[in-house]
Amino acid sequence: MSFTSAVLALSLLLSQVAATPTLHKNSTLNAPRKIGKRCTGEITSLDDVAAAEECTTIVIGGFTVPAGQTFTLNPPDGAQVSLTGELTFGFENWAGPLMEITGNDITFNGGGHDLNGQGTLYWDGEGISGGVTKPDPLLRINMGGTFSDVQVVNSPGRAVAIGGSSLTVSGVIVNNAAGTAANSLSGGNPAGANTDGFDVSANDVTITGCTVNNQDDCLAINKGTSITFSNNICEGIGHGISIGSITSDVTVSGVTISGNTVTGTVNGLRIKTDATATGSIVENVIYENNKLSGITEFGVLIDQSYPSTLGTPGTGVIIENVSFDGTNTVAVGSSAHRVEVNCGSTSSCTGTWNWAGLDATGGTGSTVKNAPIVGGTY
Ligand SMILES: *[C@@H]1O[C@H](CO)[C@@H](O)[C@H](O)[C@H]1NC(C)=O
Ligand SMILES: *[C@@H]1O[C@H](CO)[C@@H](O)[C@H](O)[C@H]1NC(C)=O
(Lines give C-alpha, C1' and ligand atoms only; values in the text may rest on other atoms or scores of the structure.)
(Ligands and ions follow the chains in the order given, each with its own letter.)
Protein backbone atom coordinates (compact mmCIF):
# COMPACT_ATOMS: atom_id res chain seq x y z
CA MET A 1 0.00 0.00 0.00
CA SER A 2 1.47 3.35 -1.00
CA PHE A 3 1.69 6.13 1.54
CA THR A 4 -1.05 8.09 -0.26
CA SER A 5 -3.47 5.20 -0.33
CA ALA A 6 -2.70 4.42 3.31
CA VAL A 7 -3.58 8.01 4.23
CA LEU A 8 -6.68 7.78 2.11
CA ALA A 9 -7.73 4.52 3.76
CA LEU A 10 -7.06 5.97 7.21
CA SER A 11 -9.02 9.14 6.56
CA LEU A 12 -11.87 7.09 5.11
CA LEU A 13 -11.85 4.96 8.24
CA LEU A 14 -11.77 8.05 10.48
CA SER A 15 -14.66 9.63 8.62
CA GLN A 16 -16.75 6.62 9.54
CA VAL A 17 -15.79 6.53 13.20
CA ALA A 18 -18.26 8.27 15.42
CA ALA A 19 -16.98 11.47 16.96
CA THR A 20 -16.53 11.23 20.69
CA PRO A 21 -19.04 13.42 22.49
CA THR A 22 -17.28 16.02 24.59
CA LEU A 23 -19.92 16.83 27.17
CA HIS A 24 -18.64 19.12 29.87
CA LYS A 25 -18.38 17.71 33.33
CA ASN A 26 -21.63 18.11 35.24
CA SER A 27 -23.54 19.40 32.26
CA THR A 28 -27.14 18.30 32.26
CA LEU A 29 -28.46 16.72 29.11
CA ASN A 30 -30.80 19.01 27.19
CA ALA A 31 -31.59 16.38 24.62
CA PRO A 32 -31.04 12.62 24.38
CA ARG A 33 -27.39 11.83 23.69
CA LYS A 34 -26.73 11.87 19.97
CA ILE A 35 -23.47 10.63 18.47
CA GLY A 36 -22.56 12.39 15.22
CA LYS A 37 -20.51 11.47 12.21
CA ARG A 38 -17.32 13.27 11.38
CA CYS A 39 -18.59 15.12 8.36
CA THR A 40 -19.65 18.63 7.38
CA GLY A 41 -23.33 19.14 6.69
CA GLU A 42 -24.38 22.20 4.72
CA ILE A 43 -27.79 23.75 5.09
CA THR A 44 -29.13 26.16 2.48
CA SER A 45 -32.79 25.16 2.77
CA LEU A 46 -34.93 23.27 5.26
CA ASP A 47 -34.64 20.22 2.99
CA ASP A 48 -30.96 19.94 3.96
CA VAL A 49 -31.52 19.83 7.71
CA ALA A 50 -32.12 16.11 8.29
CA ALA A 51 -28.92 15.03 6.54
CA ALA A 52 -26.79 17.86 7.94
CA GLU A 53 -27.76 17.23 11.54
CA GLU A 54 -26.03 13.83 11.41
CA CYS A 55 -22.70 15.67 11.17
CA THR A 56 -20.51 17.14 13.91
CA THR A 57 -19.78 20.19 11.74
CA ILE A 58 -22.76 22.08 10.36
CA VAL A 59 -22.59 25.16 8.15
CA ILE A 60 -25.76 27.17 7.63
CA GLY A 61 -25.76 29.45 4.60
CA GLY A 62 -28.06 32.42 4.12
CA PHE A 63 -31.60 31.60 2.98
CA THR A 64 -35.25 32.38 3.56
CA VAL A 65 -37.06 30.00 5.89
CA PRO A 66 -40.50 29.41 4.35
CA ALA A 67 -43.40 31.16 6.07
CA GLY A 68 -45.24 29.09 8.65
CA GLN A 69 -42.33 26.71 9.32
CA THR A 70 -39.93 26.40 12.24
CA PHE A 71 -36.25 25.92 11.44
CA THR A 72 -35.51 23.22 14.01
CA LEU A 73 -31.96 22.01 14.43
CA ASN A 74 -30.80 19.15 16.65
CA PRO A 75 -27.07 18.68 16.06
CA PRO A 76 -25.12 15.78 17.58
CA ASP A 77 -23.47 16.15 20.99
CA GLY A 78 -20.40 18.36 20.77
CA ALA A 79 -21.19 19.70 17.28
CA GLN A 80 -19.80 22.93 15.82
CA VAL A 81 -22.44 24.95 14.02
CA SER A 82 -21.75 28.12 12.08
CA LEU A 83 -23.88 30.62 10.23
CA THR A 84 -22.39 32.12 7.06
CA GLY A 85 -25.26 34.33 5.85
CA GLU A 86 -28.55 35.94 6.88
CA LEU A 87 -31.62 33.87 7.71
CA THR A 88 -34.88 35.64 6.87
CA PHE A 89 -38.13 34.18 8.15
CA GLY A 90 -41.05 34.36 5.69
CA PHE A 91 -44.14 36.30 6.75
CA GLU A 92 -47.24 34.50 7.99
CA ASN A 93 -49.57 35.07 10.94
CA TRP A 94 -48.90 31.90 12.92
CA ALA A 95 -47.71 30.99 16.41
CA GLY A 96 -44.05 30.09 15.70
CA PRO A 97 -41.38 29.72 16.98
CA LEU A 98 -39.31 30.69 13.96
CA MET A 99 -36.14 28.84 14.95
CA GLU A 100 -35.30 26.30 17.63
CA ILE A 101 -32.02 24.62 18.54
CA THR A 102 -31.66 21.66 20.87
CA GLY A 103 -28.65 19.55 21.74
CA ASN A 104 -25.80 18.99 24.16
CA ASP A 105 -22.52 20.91 24.29
CA ILE A 106 -23.11 22.60 20.95
CA THR A 107 -20.89 25.47 19.78
CA PHE A 108 -23.00 27.83 17.67
CA ASN A 109 -21.13 30.70 16.04
CA GLY A 110 -23.30 33.15 14.13
CA GLY A 111 -20.40 35.06 12.55
CA GLY A 112 -22.28 38.32 13.21
CA HIS A 113 -25.04 37.40 10.74
CA ASP A 114 -28.72 38.31 11.10
CA LEU A 115 -31.75 36.30 12.04
CA ASN A 116 -34.39 38.55 10.53
CA GLY A 117 -37.94 38.07 11.79
CA GLN A 118 -39.45 40.81 9.59
CA GLY A 119 -41.33 42.23 12.59
CA THR A 120 -42.35 45.34 10.68
CA LEU A 121 -44.83 43.16 8.74
CA TYR A 122 -46.55 42.05 11.98
CA TRP A 123 -46.31 44.85 14.51
CA ASP A 124 -49.57 46.55 15.44
CA GLY A 125 -48.74 47.84 18.92
CA GLU A 126 -50.59 44.94 20.57
CA GLY A 127 -47.81 42.43 21.14
CA ILE A 128 -48.35 38.68 21.43
CA SER A 129 -51.62 38.69 23.37
CA GLY A 130 -53.57 40.95 21.03
CA GLY A 131 -53.92 41.98 17.42
CA VAL A 132 -52.76 39.62 14.70
CA THR A 133 -51.05 36.32 15.55
CA LYS A 134 -47.30 36.77 15.72
CA PRO A 135 -44.74 33.97 15.66
CA ASP A 136 -43.14 33.85 19.11
CA PRO A 137 -40.39 33.61 20.05
CA LEU A 138 -38.14 34.25 17.09
CA LEU A 139 -35.41 32.00 18.53
CA ARG A 140 -35.69 29.27 21.14
CA ILE A 141 -32.33 28.09 22.49
CA ASN A 142 -32.82 24.79 24.29
CA MET A 143 -29.24 23.62 23.90
CA GLY A 144 -26.24 23.41 26.19
CA GLY A 145 -22.88 24.81 25.12
CA THR A 146 -22.14 28.24 23.68
CA PHE A 147 -24.22 30.40 21.39
CA SER A 148 -22.54 33.53 20.06
CA ASP A 149 -22.37 36.41 17.59
CA VAL A 150 -25.82 36.67 16.08
CA GLN A 151 -27.94 39.75 15.43
CA VAL A 152 -31.63 39.07 16.01
CA VAL A 153 -33.49 41.71 14.01
CA ASN A 154 -37.14 42.75 14.26
CA SER A 155 -38.69 39.89 16.17
CA PRO A 156 -42.50 39.85 15.71
CA GLY A 157 -42.90 39.00 19.44
CA ARG A 158 -40.22 37.95 21.92
CA ALA A 159 -36.71 37.72 20.51
CA VAL A 160 -34.88 34.91 22.34
CA ALA A 161 -36.30 32.32 24.75
CA ILE A 162 -33.77 30.24 26.66
CA GLY A 163 -34.55 26.82 28.13
CA GLY A 164 -32.36 23.88 29.01
CA SER A 165 -29.12 24.23 30.95
CA SER A 166 -25.35 24.66 30.85
CA LEU A 167 -25.37 27.43 28.28
CA THR A 168 -23.36 30.59 27.64
CA VAL A 169 -24.82 33.18 25.28
CA SER A 170 -22.48 35.97 24.18
CA GLY A 171 -22.22 38.68 21.56
CA VAL A 172 -25.90 38.49 20.65
CA ILE A 173 -27.50 41.73 19.51
CA VAL A 174 -31.28 42.02 19.72
CA ASN A 175 -32.08 44.92 17.41
CA ASN A 176 -35.76 45.75 17.56
CA ALA A 177 -35.14 49.50 17.47
CA ALA A 178 -37.44 49.80 14.44
CA GLY A 179 -40.39 48.86 16.71
CA THR A 180 -40.07 51.98 18.83
CA ALA A 181 -41.80 54.31 16.36
CA ALA A 182 -45.58 54.12 15.97
CA ASN A 183 -47.04 52.74 12.74
CA SER A 184 -50.45 53.09 11.07
CA LEU A 185 -51.91 50.27 13.23
CA SER A 186 -50.48 51.12 16.64
CA GLY A 187 -52.58 54.14 17.56
CA GLY A 188 -49.63 56.34 18.37
CA ASN A 189 -47.98 53.69 20.58
CA PRO A 190 -44.73 51.97 19.69
CA ALA A 191 -45.43 49.45 16.93
CA GLY A 192 -43.35 46.74 18.62
CA ALA A 193 -44.65 45.25 21.89
CA ASN A 194 -43.75 42.21 24.03
CA THR A 195 -40.44 42.15 22.19
CA ASP A 196 -38.53 40.75 25.20
CA GLY A 197 -34.79 40.45 24.60
CA PHE A 198 -34.02 37.29 26.60
CA ASP A 199 -36.65 35.22 28.40
CA VAL A 200 -34.99 32.67 30.66
CA SER A 201 -36.47 29.50 32.15
CA ALA A 202 -33.23 27.57 32.51
CA ASN A 203 -30.40 26.49 34.83
CA ASP A 204 -26.69 27.33 34.70
CA VAL A 205 -27.01 30.04 32.10
CA THR A 206 -24.70 32.99 31.46
CA ILE A 207 -25.69 35.82 29.13
CA THR A 208 -22.77 38.14 28.59
CA GLY A 209 -21.64 40.89 26.23
CA CYS A 210 -25.03 41.21 24.54
CA THR A 211 -27.00 44.31 23.50
CA VAL A 212 -30.79 44.68 23.52
CA ASN A 213 -32.84 47.54 22.02
CA ASN A 214 -36.55 46.71 22.26
CA GLN A 215 -39.96 47.58 23.74
CA ASP A 216 -40.22 45.15 26.68
CA ASP A 217 -37.91 43.45 29.19
CA CYS A 218 -34.24 43.31 28.28
CA LEU A 219 -34.01 40.20 30.44
CA ALA A 220 -36.95 38.38 32.03
CA ILE A 221 -36.14 35.45 34.32
CA ASN A 222 -39.19 33.27 34.85
CA LYS A 223 -37.54 30.38 36.69
CA GLY A 224 -34.20 28.66 37.12
CA THR A 225 -31.01 28.42 39.16
CA SER A 226 -27.51 29.86 38.66
CA ILE A 227 -28.26 32.57 36.15
CA THR A 228 -25.70 35.27 35.35
CA PHE A 229 -26.42 38.36 33.26
CA SER A 230 -23.17 40.29 32.90
CA ASN A 231 -21.67 43.13 30.89
CA ASN A 232 -24.70 43.58 28.68
CA ILE A 233 -26.26 46.78 27.31
CA CYS A 234 -30.01 47.46 27.55
CA GLU A 235 -31.18 50.52 25.63
CA GLY A 236 -34.14 52.02 23.81
CA ILE A 237 -37.54 52.24 25.51
CA GLY A 238 -37.46 48.72 26.98
CA HIS A 239 -38.51 47.65 30.47
CA GLY A 240 -35.09 46.88 31.93
CA ILE A 241 -33.72 43.84 33.75
CA SER A 242 -36.44 41.79 35.34
CA ILE A 243 -37.04 38.74 37.47
CA GLY A 244 -40.64 37.73 36.94
CA SER A 245 -43.38 38.01 36.73
CA ILE A 246 -43.27 35.06 39.11
CA THR A 247 -46.27 32.73 39.01
CA SER A 248 -47.10 29.86 41.41
CA ASP A 249 -44.76 26.98 42.32
CA VAL A 250 -41.55 28.16 40.68
CA THR A 251 -38.05 28.70 42.03
CA VAL A 252 -35.55 31.33 41.00
CA SER A 253 -32.32 30.75 42.89
CA GLY A 254 -28.90 32.33 42.48
CA VAL A 255 -29.08 35.26 40.09
CA THR A 256 -26.13 37.58 39.46
CA ILE A 257 -26.76 40.77 37.51
CA SER A 258 -23.39 42.43 37.07
CA GLY A 259 -21.57 45.05 35.03
CA ASN A 260 -24.55 45.90 32.86
CA THR A 261 -25.29 49.32 31.34
CA VAL A 262 -28.96 50.28 31.14
CA THR A 263 -29.84 53.53 29.43
CA GLY A 264 -33.13 55.34 28.91
CA THR A 265 -35.44 52.43 29.65
CA VAL A 266 -38.76 52.58 31.50
CA ASN A 267 -37.52 50.51 34.47
CA GLY A 268 -34.03 49.67 35.64
CA LEU A 269 -33.94 46.62 37.93
CA ARG A 270 -37.15 44.80 38.82
CA ILE A 271 -38.49 41.81 40.70
CA LYS A 272 -42.21 41.35 40.18
CA THR A 273 -44.27 38.56 41.70
CA ASP A 274 -47.92 37.83 41.06
CA ALA A 275 -50.15 39.03 43.92
CA THR A 276 -52.08 35.76 43.87
CA ALA A 277 -49.12 33.39 43.34
CA THR A 278 -48.24 30.81 46.00
CA GLY A 279 -45.48 28.27 46.63
CA SER A 280 -42.74 30.18 44.81
CA ILE A 281 -39.38 31.49 45.93
CA VAL A 282 -36.90 34.01 44.57
CA GLU A 283 -33.64 33.73 46.50
CA ASN A 284 -30.06 34.96 46.46
CA VAL A 285 -30.17 37.77 43.95
CA ILE A 286 -27.04 39.90 43.61
CA TYR A 287 -26.83 43.20 41.73
CA GLU A 288 -23.22 44.19 41.28
CA ASN A 289 -21.55 47.16 39.55
CA ASN A 290 -24.40 48.02 37.21
CA LYS A 291 -24.77 51.51 35.67
CA LEU A 292 -28.26 52.75 34.98
CA SER A 293 -29.15 56.19 33.67
CA GLY A 294 -32.11 58.09 32.27
CA ILE A 295 -34.64 55.60 33.67
CA THR A 296 -38.10 57.06 33.06
CA GLU A 297 -40.39 55.35 35.65
CA PHE A 298 -38.71 53.13 38.27
CA GLY A 299 -35.00 52.82 38.98
CA VAL A 300 -35.42 49.79 41.26
CA LEU A 301 -38.85 48.18 41.61
CA ILE A 302 -39.53 45.13 43.78
CA ASP A 303 -43.24 44.56 43.76
CA GLN A 304 -45.38 41.69 45.05
CA SER A 305 -48.60 43.06 43.55
CA TYR A 306 -48.22 42.14 39.86
CA PRO A 307 -50.11 42.71 37.55
CA SER A 308 -50.85 45.91 39.48
CA THR A 309 -47.91 48.19 39.99
CA LEU A 310 -47.64 49.20 43.66
CA GLY A 311 -51.09 47.77 44.32
CA THR A 312 -52.08 45.45 47.17
CA PRO A 313 -49.16 43.00 47.50
CA GLY A 314 -49.50 39.25 48.04
CA THR A 315 -47.43 37.16 50.46
CA GLY A 316 -47.36 33.82 48.63
CA VAL A 317 -43.96 34.28 46.98
CA ILE A 318 -40.90 34.49 49.21
CA ILE A 319 -38.14 36.87 48.16
CA GLU A 320 -35.07 36.00 50.26
CA ASN A 321 -31.65 37.70 50.12
CA VAL A 322 -31.35 40.56 47.67
CA SER A 323 -28.06 42.45 47.71
CA PHE A 324 -26.39 45.35 45.99
CA ASP A 325 -22.64 44.73 45.94
CA GLY A 326 -19.82 46.88 44.57
CA THR A 327 -21.21 50.13 43.18
CA ASN A 328 -24.51 50.24 41.38
CA THR A 329 -25.40 53.72 40.14
CA VAL A 330 -29.05 54.31 39.30
CA ALA A 331 -29.78 57.76 37.88
CA VAL A 332 -33.47 58.26 37.12
CA GLY A 333 -35.31 60.93 35.12
CA SER A 334 -36.96 63.87 36.86
CA SER A 335 -40.44 62.33 37.14
CA ALA A 336 -39.27 58.79 37.92
CA HIS A 337 -39.14 56.94 41.25
CA ARG A 338 -35.68 55.99 42.47
CA VAL A 339 -36.62 52.90 44.49
CA GLU A 340 -40.02 51.35 45.20
CA VAL A 341 -40.29 48.18 47.28
CA ASN A 342 -43.80 46.86 47.85
CA CYS A 343 -43.75 43.64 49.86
CA GLY A 344 -46.78 41.92 51.39
CA SER A 345 -45.07 41.22 54.72
CA THR A 346 -41.67 40.94 56.36
CA SER A 347 -41.93 37.18 56.01
CA SER A 348 -42.48 37.33 52.25
CA CYS A 349 -39.48 39.65 51.84
CA THR A 350 -36.92 38.13 54.15
CA GLY A 351 -33.30 37.23 54.82
CA THR A 352 -30.41 39.59 54.16
CA TRP A 353 -31.03 42.66 52.04
CA ASN A 354 -27.69 44.42 52.13
CA TRP A 355 -28.00 47.36 49.78
CA ALA A 356 -24.72 49.11 50.64
CA GLY A 357 -23.72 49.00 46.96
CA LEU A 358 -26.70 51.04 45.72
CA ASP A 359 -26.46 54.73 44.88
CA ALA A 360 -29.74 55.97 43.39
CA THR A 361 -30.18 59.61 42.42
CA GLY A 362 -32.67 61.94 40.72
CA GLY A 363 -36.41 61.68 40.40
CA THR A 364 -39.15 62.09 42.94
CA GLY A 365 -38.16 59.79 45.80
CA SER A 366 -38.33 56.28 47.19
CA THR A 367 -40.71 54.18 49.30
CA VAL A 368 -39.99 50.87 51.01
CA LYS A 369 -42.74 48.73 52.46
CA ASN A 370 -42.04 45.56 54.51
CA ALA A 371 -38.47 44.82 53.43
CA PRO A 372 -35.39 44.36 55.68
CA ILE A 373 -33.09 46.64 53.68
CA VAL A 374 -29.81 47.69 55.28
CA GLY A 375 -27.58 50.39 53.81
CA GLY A 376 -27.56 52.04 50.42
CA THR A 377 -28.30 55.56 49.24
CA TYR A 378 -31.71 56.07 47.75
C1 LIG B 1 -19.73 17.23 39.19
O2 LIG B 1 -18.83 16.24 38.73
C3 LIG B 1 -17.90 15.77 39.69
C4 LIG B 1 -17.00 14.76 39.06
O5 LIG B 1 -16.63 15.13 37.78
C6 LIG B 1 -18.64 15.17 40.89
O7 LIG B 1 -17.73 14.81 41.88
C8 LIG B 1 -19.63 16.19 41.44
O9 LIG B 1 -20.39 15.59 42.45
C10 LIG B 1 -20.56 16.70 40.34
N11 LIG B 1 -21.41 17.73 40.86
C12 LIG B 1 -22.72 17.78 40.59
C13 LIG B 1 -23.47 18.93 41.20
O14 LIG B 1 -23.27 16.95 39.91
C1 LIG C 1 -29.66 34.02 52.82
O2 LIG C 1 -28.43 34.57 53.27
C3 LIG C 1 -28.04 34.10 54.55
C4 LIG C 1 -26.75 34.79 54.90
O5 LIG C 1 -26.92 36.15 54.93
C6 LIG C 1 -27.84 32.60 54.51
O7 LIG C 1 -27.56 32.14 55.82
C8 LIG C 1 -29.10 31.93 53.99
O9 LIG C 1 -28.85 30.55 53.84
C10 LIG C 1 -29.47 32.53 52.66
N11 LIG C 1 -30.72 31.95 52.19
C12 LIG C 1 -30.77 31.08 51.19
C13 LIG C 1 -32.11 30.60 50.79
O14 LIG C 1 -29.76 30.69 50.61
Side-chain angles (χ1 to χ4, degrees), residues 25-28 162-168 198-208 217 219-230 240-260 268-290 299-306 313-330 339-360 366-378:
K25 267 183 276 169
N26 302 68
S27 70
T28 316
I162 296 174
S165 64
S166 308
L167 173 70
T168 297
F198 296 100
D199 264 24
V200 177
S201 296
N203 302 325
D204 301 310
V205 172
T206 296
I207 299 171
T208 189
D217 295 331
L219 169 72
I221 297 173
N222 301 114
K223 63 177 178 183
T225 61
S226 301
I227 297 166
T228 298
F229 190 72
S230 63
I241 295 173
S242 191
I243 296 173
S245 60
I246 298 297
T247 56
S248 292
D249 302 317
V250 298
T251 297
V252 174
S253 178
V255 175
T256 301
I257 307 288
S258 85
N260 302 289
L269 306 170
R270 264 197 309 179
I271 301 174
K272 48 180 175 168
T273 69
D274 291 2
T276 57
T278 55
S280 294
I281 182 154
V282 175
E283 64 187 19
N284 301 332
V285 178
I286 299 171
Y287 298 104
E288 188 179 42
N289 299 332
N290 299 288
V300 176
L301 176 62
I302 299 180
D303 193 354
Q304 295 194 312
S305 72
Y306 193 79
T315 57
V317 178
I318 308 298
I319 303 177
E320 177 168 346
N321 296 351
V322 178
S323 70
F324 284 82
D325 294 353
T327 306
N328 296 267
T329 54
V330 180
V339 170
E340 292 290 337
V341 178
N342 182 36
C343 292
S345 75
T346 49
S347 48
S348 62
C349 287
T350 182
T352 303
W353 292 44
N354 183 346
W355 286 27
L358 173 64
D359 183 10
S366 299
T367 314
V368 172
K369 189 171 162 188
N370 292 331
I373 297 171
V374 176
T377 304
Y378 54 89

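Both ligands and their constituent atoms are indexed starting at 1 by order of listing.
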Would Glu283 count as being in polar contact with ligand 2, using the rule that some N or O on each side must be under 3.5 angstrom apart?
no
Considering only the protein, which heavy-atom contact is closest to atom 5 (O) of ligand 2, and what is its distance?
Thr352 OG1, 2.8 Å
Protein non-hydrogen atoms only, distance under 4.0 Å: does atom 9 (O) of ligand 2 have such a neighbour?
no
Under a 3.5 Å cutoff, is there a donor and acceptor pairing between the side chains of Ser253 and Glu283?
yes
Audit row: Asn354, Thr352, side-chain hydrogen bond (donor to acceptor under 3.5 Å, both in side chains) steps and yes/no:
CA-CA 6 Å; Asn354 183 346; Thr352 303; over 6 Å; no
Under 3.5 Å, is there a donor-acceptor pair between the Ser230 and Thr208 side chains?
yes
Give the residue and atom name of whichever protein heavy atom lies nearest to atom 14 (O) of ligand 2, and the separation in Å to one decimal.
Asn284 ND2, 2.9 Å
Kindly determine whether Tyr287 and Val300 satisfy side chain to side chain contact (heavy atoms under 4.5 Å, CB included), including the steps that lead there.
CA-CA 11 Å; Tyr287 298 104; Val300 176; over 6 Å; no
Who's the nearest protein heavy-atom neighbour of atom 2 (O) of ligand 2, and how far?
Asn321 ND2, 2.3 Å
Would you sort out whether Phe324 and Asp359 count as a side chain to side chain contact (heavy atoms under 4.5 Å, CB included), showing the intermediate values?
CA-CA 9 Å; Phe324 284 82; Asp359 183 10; over 6 Å; no
